[in-house]
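Heads up, the thing below is written out as structure tokens.
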Amino acid sequence: LLNITLPLAAANELKANGFVRPRRFDNVAVLFCDVMHFTEYCDQLLPEQVINHVTGLIECFEEITLGHQMEKIKTIGDEFMASAGLLEPNPDPVGAAVECGLAMSRAAPRLAAGWQVRVGIDYGPVVAGIVGKQKYQFDLWGDTVNTAARMTRYGEPGVVVMTAATSSVIQGRFKLNRLGAFEVKGKGMVEIVTCC
């Protein structure tokens, strides 16, 4: 049960020591992927249909995440959160997150619900650990997490959105498009870039 609730490295540490030591990680790519028009979709279908379609989507995203050396962190409603370069080594966290996000964008419309998704990523330091006693929750905190979540708001289907600072890590390896500077909550004006 721990192995399917927590990332494998965290579950192993918990089993060995009885706790997981909170840590700061410096070079982590965080990805958020959310379903467009999900609330309207939920209002129109039977609960069984919604759960069936969401299950198919999440299972598909879990496979894609593993295939790109990333770790699923959690789902929050219709949002899927993953990371690269956290508990498991990844030599190219940002590249992995971009490729993972693009794969998610291609896969989602092919599933039964035909959803379109938006993907945002950011790269930098995070704090990670387990909270809760009755129900364990492995989670990440910090500006990198907040920024990745906010990047989804600027996205459209088929692209991955990131800050210009994050895009500099993959310069010359992907097709990048500068959208310009936007007001991002908690950060002020931020130069935003898309990748397709």
Side-chain angles (χ1 to χ4, degrees), residues 1-11 14 20 25 28-88 90 93 96-123 126-142 144-155 157-162:
L1 184 59
L2 284 177
N3 286 345
I4 61 172
T5 305
L6 304 174
L8 183 59
L14 183 63
V20 175
F25 298 86
V28 177
V30 177
L31 173 149
F32 281 87
C33 180
D34 74 351
V35 176
M36 297 180 70
H37 312 298
F38 184 74
T39 303
E40 296 95 314
Y41 165 85
C42 288
D43 291 342
Q44 295 169 3
L45 276 79
L46 294 170
E48 294 81 3
Q49 292 173 298
V50 173
I51 296 301
N52 187 44
H53 288 167
V54 170
T55 298
L57 182 76
I58 298 305
E59 289 176 357
C60 174
F61 283 0
E62 287 172 341
E63 286 182 28
I64 291 170
T65 300
L66 280 175
H68 289 87
Q69 293 181 279
M70 296 188 70
E71 296 174 282
K72 174 187 173 185
I73 302 299
K74 61 182 177 180
T75 57
I76 314 149
D78 64 309
E79 272 193 323
F80 185 97
M81 179 184 178
S83 69
L86 188 65
L87 297 174
E88 300 293 336
N90 187 315
V98 169
E99 290 175 355
C100 182
L102 292 174
M104 289 173 165
S105 293
R106 289 190 297 268
R110 297 187 194 129
L111 298 175
W115 281 318
Q116 299 284 341
V117 296
R118 300 179 299 184
V119 179
I121 67 170
D122 198 39
Y123 179 64
V126 300
V127 171
I130 291 179
V131 293
K133 200 169 184 179
Q134 296 177 4
K135 294 183 180 179
Y136 286 123
Q137 173 71 54
F138 180 83
D139 212 344
L140 310 181
W141 297 270
T144 303
V145 177
N146 294 341
T147 302
R150 289 174 183 142
M151 288 299 102
T152 61
R153 297 177 190 153
Y154 302 94
V159 303
V160 174
V161 183
M162 67 197 84

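Under the 4.5 Å side-chain criterion, counting only non-hydrogen atoms from C-beta, F80 is not in contact with V35. Side-chain contact between L102 and V160 is present, with heavy atoms from C-beta onward closer than 4.5 Å. When side chains are defined from C-beta on, L31 does not count as touching F61, because their heavy atoms never get closer than 4.5 Å. Contact check for V98 versus M162: side-chain heavy atoms found under the 4.5 Å cut-off. Taking the side chain as every heavy atom from C-beta outward, L86 and L140 approach each other to under 4.5 Å.
The minimum heavy-atom distance between M104 and V117, with the atom names listed, is O-CG2, 4.0 Å. For the pair Y123 and A29, the tightest heavy-atom approach, listed with the atom from each and the gap, is CD1-N, 3.8 Å. Minimum heavy-atom separation, V30 to M81: CG1-CE, 4.1 Å. What you find for T75 and K72 is that their closest heavy atoms are CG2-CE, 3.9 Å. Residue T65 comes nearest to C100 through the heavy atom pair CA-SG, 4.0 Å, listed as atom of the first residue, atom of the second, then distance. Contact detail for C33 and V119: the closest heavy-atom pair is SG-CG2, 3.8 Å.
One finds the CE atom of M70 at 10.5 Å from the CD atom of E99 (value rounded to the nearest 0.5 Å). For the atom pair D78 CG and T39 OG1, the distance stands at 6.5 Å (nearest 0.5 Å). Rounding to the nearest 0.5 angstrom, the gap separating the CD1 atom in I58 from the CD1 atom in I51 is 10.5 Å.
Between W115 and H53, the two ring planes are perpendicular [angle over 60°; tilted spans 30° to 60°].
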### Task
Please report the C-alpha distance between E88 and Q69 in whole Å, then the side-chain angles of each, then the deciding distance to 0.1 Å, and finally whether the side chain to side chain contact (heavy atoms under 4.5 Å, CB included) criterion is met.
CA-CA 8 Å; E88 300 293 336; Q69 293 181 279; over 6 Å; no
### Task
Please assess D139 against K74 for the test side chain to side chain contact (heavy atoms under 4.5 Å, CB included), listing each intermediate value before the final yes or no.
CA-CA 8 Å; D139 212 344; K74 61 182 177 180; 2.7 Å; yes
### Query
So R150 and D122, side chain to side chain contact (heavy atoms under 4.5 Å, CB included) or not? Walk me through it.
CA-CA 10 Å; R150 289 174 183 142; D122 198 39; over 6 Å; no
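Heavy atoms of other residues, nucleotides or ligands lying less than 6.0 angstrom from CD of Q49 number more than 12.
Panel note: side chain T152, backbone A149; a donor-acceptor pair is recorded below 3.5 Å.
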